[in-house]
Number of protein chains: 2
Amino acid sequence: MNGIRLSIQPRKWYLNGMLQDAALDSPDERNGSARARGSTVEHVFLHLKDGILCGRYAPGQRLIEADLTRDLGVSRGPLREAFRRLSAEGLVESVPNKGAIVRRLSARQTQDLFDIRTALEGLAARLAAQKVADPQVRAEFERAIAPIWIEEPRDVAVTYLDENRIFHQAVADASGNEQLSSLVRQLQLPLIMFQLSGALTSETLRLSNQEHRAVARAILEGEGERAGALMQAHLDRARRFADNLPRGVFRDGER
Amino acid sequence: MNGIRLSIQPRKWYLNGMLQDAALDSPDERNGSARARGSTVEHVFLHLKDGILCGRYAPGQRLIEADLTRDLGVSRGPLREAFRRLSAEGLVESVPNKGAIVRRLSARQTQDLFDIRTALEGLAARLAAQKVADPQVRAEFERAIAPIWIEEPRDVAVTYLDENRIFHQAVADASGNEQLSSLVRQLQLPLIMFQLSGALTSETLRLSNQEHRAVARAILEGEGERAGALMQAHLDRARRFADNLPRGVFRDGER
DNA sequence: CGTTCAATATTGTCCTACAAAATTAGAAAG
DNA sequence: CTTTCTAATTTTGTAGGACAATATTGAACG
């Protein structure tokens with residue numbers, strides 16, 4: 001009694017990032033074999049990623065191959081390839097003979113993830129403070145983090161989570177270490193489930209934003225050590241916050 | 001003129017970790033379809049991983065699907081699945097429409113990787129020093145790192161690289177953070193190319209071993225901060241060492 | 001209410017096929 | 001002889017069908 005099987009709005013694809021209707025872009029419908037090569041996996045991947053992040057696929061839900069191949073109109077090969085990419089990003093986990101299920105972190109795993117993020121993003125902030133000496137990096141960084149300076153209070157949690165993700169990614173990108181950047185992206189994704197927790201208060205968001213600003217200022221002033229320490233303190237507070245979430249958010253039993 | 005296509009010793013598999021001859025374990029030879037389920041991908045994966053780490057497949061070499069399916073006697077599905085796993089471990093990279101090639105790091109990527117490892121393994125050492133209070137963790141840790149106390153001088157570089165890998169993994173495992181443990185494993189693998197550099201002197205190995213011992217002692221004494229600092233210093237030295245390797249070891253051009 | 005076992009659902013693997021892209025070889029031009 | 005363009009070959013991306021092994025479900029039974 002664990003397979004929930006949400007139905008998917010039928011026959012829509014993401015093609016190069018744009019949402020399109022299926023019938024409009026398949027020139028010959030007789031077997032649907034004529035789609036831009038190399039894009040099929042990407043379609044499936046983006047559809048599932050988006051679906052997981054938006055909650056269309058719930059944590060713990062099994063992703064049945066037959067259902068998805070039917071609903072998305074692709075064969076099992078590309079679907080499995082997409083599963084594997086999602087697995088690499090930490091959004092699903094593959095269990096032998098059971099297939100792919102939407103990842104659901106235990107409280108312990110969440111804490112562990114925060115420990116890792118603290119170390120890596122502390123490093124990223126330190127490196128970023130060095131790299132902002134380069135005008136191009138500085139310009140790109142300032143452009144990316146612009147939203148954090150907006151004064152209006154954040155009331156919609158979902159919107160703020162996006163702002164949060166963008167800030168952390170901007171710091172990582174400014175570090176100039178591409179592998180670090182992609183690791184940070186990968187480690188941030190599985191935590192999106194907080195979207196569903198509803199525990200983010202307006203005050204929490206304000207505090208988080210203030211910490212973001214402090215980190216950003218330290219980076220822009222080139223003070224690497226301080227930026228790293230501030231980022232670590234920020235993530236440490238987030239870790240404690242996550243530890244106080246209701247147990248229901250996490251995978252059953254474990255604590 | 002880049003596809004080298006080394007030939008593979010024909011028809012051998014790894015079955016449950018044991019090397020076996022093909023003819024001995026395929027009950028019906030008509031199409032070879034009867035092998036333990038879920039093991040095919042593992043066979044291919046281990047064969048390729050072993051081959052890459054042993055240099056049987058050279059960095060930069062293309063892995064042609066047709067050749068491998070023929071030589072290993074598997075179909076393209078499992079082979080591609082194995083490619084994806086190797087890609088996740090950072091041993092190969094997949095280029096669209098060109099397939100899988102054995103990964104070759106640039107000097108810059110190598111430095112970046114060391115930065116990340118320094119942060120993560122410093123954390124691992126710090127955590128491990130806390131966790132060794134648990135007798136079971138302590139026992140397992142001491143068992144795993146036993147080789148570092150052997151007094152004989154290390155002359156064979158390949159053997160020492162294995163000892164090195166085992167030590168770093170043991171620290172990560174002792175941290176009690178499974179995700180950290182798997183990250184450390186993943187980040188360590190791509191650096192195996194140093195095996196081929198031949199730049200490891202007997203003196204280098206001795207120094208590295210001494211640093212390992214210092215880290216181990218700090219962990220066993222429960223001094224987390226010191227253990228973390230020592231581990232970071234150790235990796236920092238390794239980073240500088242790697243920076244002085246001949247350029248030919250790295251991907252052409254980049255520095 | 002709990003267990004056992006058959007029916008069903010689902011995955012792992014194989015095969016074949018074909019179009020798209022990349023690579024190589026060969027021909028033509030300089 | 002070298003270079004460049006074109007055609008043939010190779011190789012990958014994807015579809016679709018097939019079947020056995022494993023998981024899951026549901027029903028009968030105690």
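Order of the sequence lines sets the chain letters (A, B, ...), proteins ahead of strands, with each chain counted from 1.
At D:dT14, one or more side-chain N or O atoms of A:T40 fall inside 4.0 Å of OP1 or OP2 (strictly under the cut-off).
A:Q169 places a side-chain N or O within donor-acceptor distance of the main-chain N or O of A:S181, the cut-off being under 3.5 Å.
The pair B:E65-B:R80 meets the salt-bridge criterion, since a charged nitrogen lies less than 4.0 angstrom from a carboxylate oxygen. Using a cutoff of 4.0 Å between basic side-chain nitrogens and carboxylate oxygens, B:R143 and B:E140 are scored as salt-bridged.
Counting to the nearest Å, the P atom of C:dT16 and the CZ atom of B:R70 are 15 Å from each other. A:L68 has its CG atom 11 Å from the P atom of C:dT10, to the nearest Å. Distance, B:F45 CZ to C:dT13 C1': 18 Å, rounded to whole Å. In this structure, A:E81 atom CD and C:dT13 atom C1' are separated by 17 Å, rounded to whole Å. Between B:R84 atom CZ and D:dT12 atom P the separation is 13 Å, expressed in whole Å. In this structure, CG of B:L63 is placed 16 Å from C1' of D:dT10, rounded to the nearest angstrom. Rounded to whole Å, atom P of C:dC14 lies 11 Å from atom CG of B:L72. Rounded to a whole Å, the CD atom of B:E93 is 15 Å from the P atom of D:dT12.
Here the side chain of A:R80 is nearest to one of D:dT14, C:dT13, C:dT23, namely C:dT13. With C:dT10, D:dA15, D:dG13 as the choices, the nucleotide that has an atom nearest any side-chain atom of A:R62 turns out to be C:dT10. Closest to the side chain of B:N97, from the set C:dA21, C:dC14, C:dT11, is C:dA21. Taking only side-chain atoms of B:K98, from C-beta outward, the nucleotide of C:dA22, D:dT24, C:dT13 with the closest atom is C:dA22.
Judged by distance alone with a 3.5 Å cut-off, a donor-acceptor contact links the side chain of A:R76 to the base of C:dT13.
When the side chain to side chain donor-acceptor pair (under 3.5 Å) test is applied to A:R117, the partners found at least two apart in sequence or on another chain are A:E121.
Residue B:L79 is out of contact with every strand shown, counting any heavy-atom pair closer than 4.0 Å.
For residues 166-189 of chain A, there are no salt bridge (Lys or Arg N to Asp or Glu O under 4.0 Å) pairs, not counting sequence neighbours.
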